[in-house]
Amino acid sequence: MYAQVIVDVPHVETDKPFDYHIPSELRPHLTIGSRVSAPFGNRKIQGYVVGLSETTSVKKARDLEDVLDVVPPLTPELIELGEWMSERYLCRRYVSFQAMLPAALRSSYKKSLSLTEDGKQITLLIPQERQLMRFIEEKQPIDYDQLLKNFPGEKSFLLKALREGWLQAEQVVKDKVTRKTLLYVIKAESDQTLQQAAEALPKQASKQREILQFMLDLQHPIALRDLLAQLSASQSSAQALVSKGLLKMEEVEERRDPYAGRAFEQEAKVVFTPEQREVIDEIVFALNRPQPFSYLLRGVTGSGKTEVYLETIEHCLQMDRQAIVLVPEISLTPQMVNRFKAKFGDQVAVLHSGLSRGERYDEWRMIREGKVNVAVGARSAIFAPFTKLGLIIIDEEHEGSYKQEENPRYHAREVAKKRAELHGAVTVFGSATPALESYYEATKTETGLLEMPYRVNRRPMPSVSVVDMRDELKQGNRSMFSRLLAQGIETRLSRGEQMVLFLNRRGFSTFVMCRSCGHSLQCPHCDISLTYHRSNQTVRCHYCGHTERDASECPDCGSKHIRYFGTGTQKVEEELSRHFPGIRVIRMDVDTTGRKGSHEKWLTQFREGKGEVLLGTQMIAKGLDFPKVTLVGVIAADTILGMPDFRAAERTFQLLTQVGGRAGRHELPGEVIIQSYNPDHYSIQLAKNHDFEKFFAMEMKHRYEQNYPPFYRLVLFTFSSPDVPLVVKKADEWVKQLKRKLPSSVYLLGPVASPIPRIKDRYRFQCMIKYRDEADILSQIKLLSDSFIYANRNEDIGLTIDVDPHMLM
DNA sequence: AGCACGCCGACT
DNA sequence: GTCGGCGTGCTC
């Protein structure tokens, strides 16, 4: 028997199955989807089995070394999905597979050295070499990489020693996590024997008798830890019984349940609105059909989409099928998780970035082994390895976070559709402000359109005012709060109500400039201004993390006249305290929520009324629901509009609508105040009027005129290198190549320097194509890019290809 | 991607 | 004469 293996060498020349012979002792443990370790060249690496065959055309097929998991991580469906992703997003197969699995399954490779018999006898000429050999002999087996670190410059000697056979290397493919195990106590003999043994025990062995009696009463295995705790016995008593052969102990794998021991508040039975009922019925109808189908559920903020999700999942489970729910990472809040845990209890696995690698792996295994039937998580949860998938829900489907910004650059929406197709499942994409692409599809009837235009209990949408900040300036108001907003804040303070203030930018200021010499602080590795963070007196680069302490002096001329421009959350916080003495502000942004669980902490504090203002970035725009919030303020609505992005208007509209949706969801009516320097922009005006249809129509017109999605598809090519002339030359060559080989109907743009022309000391140039859905454009690009990469394998030049890009940076 | 093999310049 | 530069080719 032979196995076809995709190996962990994601490169042009190795992105294909390699044939290995399966040793007979491994055969029973191996199937399609297994993760294996295998010899490759002179090293040892891991790979995934994608096929089995009786014969092979390869003459020197080598033996597989080992099978790495009891349950194969990949299912046949996931293998097919991985192949599809590789074609769709132009990435290597191995990269696709790895992206579908938890990080725990990413092996680390260790090479360790030890002396051979020859090596022990050899007498070396140089004392230095003799010393090194003796060091290895003492510590062997010793890690190769570590040795290189301790003895830099000895690499050539080590290689020679290996060549001459004085040293031997052994490589290990090692998992990154260990399975957590727990010692269990099990009866080793029949009840009768144990009973007799208990009676025969000497009097002073009272603890042992107690334990035996306990095990007889219990009738099932128990964790040693728990047994000892319950009887306040010591381990030695238990051990004594084991050595008498009456009990035995066994290691059992344990799930690290991040939610263990927590009670979840049960929700009162909900009564559905007529709209909810109708939508649920429609989805359930589709669930009952064998064909795949997808819906776009457009429901205004506060229309009760979550209840629809919960109810349809319930139906899905009753049909003995499984469900995946995707939510944006930042709205994967405890409140949200609680609702699913409360309804489905042990049936739910939760996957989010707050979990440790081990916890994530354990949740994943619950899914893989069919012990849970619902997976809730962020983007990558779309790969939850269910085998009977019935329903996939993507909440806030317009969210940019569903697009992965590294290889494979997939979009979860598209992967969801592919998986639904493979399973005959139903997908539901929910949003108050659907992505243009999604709404467009829904109007073309390939997708069913479901609408929930009213808030639960017909609560009114909040009233929205837009303030022209240019006017404020003319009237002599130079603060960052317009008079209307300041008054709004004042009123809420006096009424004891709460408010949410939103600013799409973290830090204190956007750029820092010296007023003496005009020098502005730039990152030394990226072409980007540094951002000042007041809390710890540092300036930081948001791209590479470069940090400079002490920004009080100009690095160029030494002057102390440093000025901070622009507005960040920290600055707003300061201004608030200045304008409204005594105000209690809870600030949430990447800087204050860095630590695990701090996100939850701040929200709880706000809920408990420990602050009047919740001030934050993106992360407070979604899903939050606080009864006492009656005012939502947007400090600067234009931040996104100024970005070099054809989706800027769409993102502004979505953001303003979402933020506005945080107000007045309960008894108290809500008000929204948007401050802007472009108050007449259609994205702002239409968000004010809650008019999605009109926005859709206008934006579609723009996209049509400019040949942008959804009318045209885009592929973005980015070249990077520390060598400027080289990038320019290569990018140029590439564009000429495309011009020659692609149909003339394809638009070619660039090459130009990227909006951020340098990141981490690499210069960046980019070009883009726009094309209609011509069948094999992507496969042509794949051929071209593969030969480009091959031809330039000795140059330090990177090429990244982003199919349907979201960020044009 | 790694790693070995193999062919040309500056050192013991 | 050898060490080490990096171009070329291969990995089941």
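A quick note: this is a predicted structure, and the numbers were derived from the prediction, not measured. To find a chain, count down the sequence lines: A is the first, B the second, and so on, and within it residues start at 1.
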Original post:
Just by distance, with hydrogens left out, do A/T75 and A/T387 show a side-chain donor and acceptor under 3.5 Å apart?
Top reply: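 The answer is no; no qualifying pair exists.
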Among the candidates [options], find the nucleotide nearest to the side-chain atoms of [X].
| X | options | result |
| --- | --- | --- |
| A/V58 | C/dC12, B/dG2, C/dC10 | C/dC12 |
| A/T14 | C/dT11, B/dC3, C/dC12 | C/dT11 |
| A/K60 | C/dT11, C/dC12, B/dC3 | C/dT11 |

So what does [X] hit on the nucleic acid, given a heavy-atom distance under 4.0 Å: a base, only sugar-phosphate, or nothing?
| X | answer |
| --- | --- |
| A/N794 | base |
| A/P17 | nothing |
| A/K16 | base |
| A/F40 | base |

What is the distance, to the nearest angstrom, from the [atom1] atom on [X] to the [atom2] atom on [N]?
| X | N | atom1 | atom2 | value |
| --- | --- | --- | --- | --- |
| A/D8 | C/dC12 | CG | C1' | 16 Å |
| A/Y790 | C/dT11 | OH | P | 12 Å |
| A/D796 | C/dC6 | CG | P | 13 Å |
| A/D15 | C/dC12 | CG | P | 16 Å |
| A/F18 | C/dC10 | CZ | P | 12 Å |
| A/E13 | C/dC12 | CD | P | 14 Å |
| A/K44 | C/dT11 | NZ | C1' | 16 Å |
| A/H21 | C/dT11 | NE2 | P | 19 Å |

Original post:
Between A/R365 and A/D362, is there a salt bridge with N-O shorter than 4.0 Å?
Top reply: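 Salt bridge present between A/D362 and A/R365.
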Subject >> A/D804 and A/R409 ion-paired at < 4.0 Å >> reply: no
Original post:
Any side-chain N or O of A/N42 less than 4.0 Å from the OP1 or OP2 oxygen of B/dG2?
Top reply: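 Answer is no, no contact under 4.0 Å.
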**OP:** Identify the two heavy atoms, one from A/V415 and one from A/L81, that lie closest to each other, and give their separation to 0.1 Å.
**Re:**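 Closest approach of A/V415 to A/L81, heavy atoms only: CG1-CD2, 4.1 Å.
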Original post:
Aromatic ring centroids of A/F719 and A/Y763 under 6.0 Å?
Top reply: no
